[in-house]
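Because the structure is predicted, anything quoted here is derived from the model rather than measured. Naming convention: chains lettered A, B, ... in sequence-line order (proteins, then strands); numbering from 1 in each chain.
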2 protein chains.
Amino acid sequence: MADETTKRTLPATSWAVLGLLSFGEELSGYDLKKWSDRSLRFFYWSPSFSQIYSELKRLEKAGYASSRLVAQETGTREKRVYRITDEGTAAVRAWARETPVDPPVLKHGPMLRLWLGHLLEPGQMREVLLRHQEFAEKMRLRAMADAESAKDEAAWAYPALTLKWAERYYASERDLAAATLDDVAALEGRRP
Amino acid sequence: MADETTKRTLPATSWAVLGLLSFGEELSGYDLKKWSDRSLRFFYWSPSFSQIYSELKRLEKAGYASSRLVAQETGTREKRVYRITDEGTAAVRAWARETPVDPPVLKHGPMLRLWLGHLLEPGQMREVLLRHQEFAEKMRLRAMADAESAKDEAAWAYPALTLKWAERYYASERDLAAATLDDVAALEGRRP
DNA sequence: ACTAACATGTAAAGCGTTACATGATTTA
DNA sequence: TAAATCATGTAACGCTTTACATGTTAGT
């Protein structure tokens, strides 16, 4: 272990990155970003490249991850890959078990626009909601496709459950947008 | 107007605060925070006191809001109240109409835990989901209560629609938690 | 050979929170 | 009158992104 002061007070994003490593693979920052975009993205915002790189440094400093440089097959450039340590596994397990779960954070642009509906033309409000509906359906399909390719692999059972959740979540988002479109139509109809 | 450089490039939170002012009332930072907690909160995270205060300063600097000091009835302490300017109204309207809506941002702690299910005991996972279910139902009831008290006031028609949306959204969150509890039970049942 | 996309980082700027400081008002 | 709550801010800190720098690989 190293640097006692930075222990157990890490921000949620650090734990998310350490969580990615907790599946046991040895990964580079770039790998982690790509994987994060395809998994966390559905229910947790995916951190930027630069943040992943700095989180990795912090995790290594805390003794939760170790890194080594590996030479590319043909090229001359080296890359740094990270692996979780035993202490890191213990720490992320303790975090997952003991730290109280805080309520979900939502920043829902389309609803902010609806809330400011008095500033928009009816057609514009409709446009915003239609776009959101499309977005939700696209996300649902992605989650479905990923769930398909991950099924029956016991090691990914829990990630697969989050994909199932995401599929339902974005279906609900899509339907809520549709319902709100009706509500807006009714409102505009009452006083045109 | 003032400070041309800070115009139209404000972060979303600034527009949210200016949006609060766009309903026309003259409000203090404290008022805005309270109102924000009871309205934006359901679909957009509510900024802290300190951020609201600094956003107000920025809005005033940009010429989108004006402030004045008012003396309290009996006390000696003064407070600063803000009102949107004509230019601010035009700006927030232009923002709402022209700025592309970016996809919702979600940081869903319970799902992050589920994703890391391999680190938890089954009972702990169940506990997390139950807590989330309770949270969702509490939010749903709040949205419902607020919608009741806001109905039939034409000026709040759009905010009322967001409360209706929130009521459905948190109902869905509650149901998704229940469904996921079943999924987890099935998973654990298959390999105990 | 050139371009676009892939890959690995660093540096600077800005967003947002927590902690702190201060005073007024209500309640016990 | 003491404590708790309401109310109004400021300052410091830390998280996070955007912009930048640099080299590599694959397609045309």
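Heavy atoms of B:Lys33 sit nowhere under 4.0 angstrom from any nucleic acid atom.
Partners of B:Glu25 according to the side chain to side chain donor-acceptor pair (under 3.5 Å) rule, which considers only residues two or more places apart in sequence or in another chain, do not exist here. By the side chain to side chain donor-acceptor pair (under 3.5 Å) test, B:Arg131 is found to be paired with B:Glu127, residues two or more places apart in sequence or in another chain being considered. Remark: A:Phe23 engages A:Trp35, A:Trp156, B:Trp115, B:His118 in a ring-ring contact (aromatic ring centres under 6.0 Å, His included) (not counting sequence neighbours). A:Ser172 meets the side chain to side chain donor-acceptor pair (under 3.5 Å) test with B:Ser172; sequence neighbours excluded. A:Arg142 is linked by a side chain to side chain donor-acceptor pair (under 3.5 Å) to nothing, counting only residues two or more places apart in sequence or in another chain. For A:Arg93, the salt bridge (Lys or Arg N to Asp or Glu O under 4.0 Å) criterion is met by no residue, not counting sequence neighbours. Residues satisfying the ring-ring contact (aromatic ring centres under 6.0 Å, His included) test with B:His132, not counting sequence neighbours, are B:His108.
A:Lys34 places its NZ atom 16 Å from the P atom of C:dA5, with the value rounded to the nearest Å. With rounding to whole Å, A:Tyr30 atom OH is found 17 Å from C:dT10 atom P. Between the CG atom of B:Asp31 and the C1' atom of D:dA7 there is a distance of 10 Å, given to the nearest Å. For the pair B:Trp15 CH2 and C:dC15 C1', the computed distance is 16 Å after rounding to whole Å.
Among A:Glu26, A:Lys57, A:Arg80, the one residue that satisfies the side chain to side chain donor-acceptor pair (under 3.5 Å) test with A:Ser67 is A:Arg80.
In the helix from C:dA1-D:dT28 to C:dA28-D:dT1, the rotation axis of the first five pairs and that of the last five pairs differ in direction by 30°, rounded to 10 degrees.
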Readout for nucleotides 9-19 of chain D: B = base within 4.0 Å of protein heavy atom, S = sugar-phosphate only, - = neither; 5' to 3' it is BBB---SSBB-

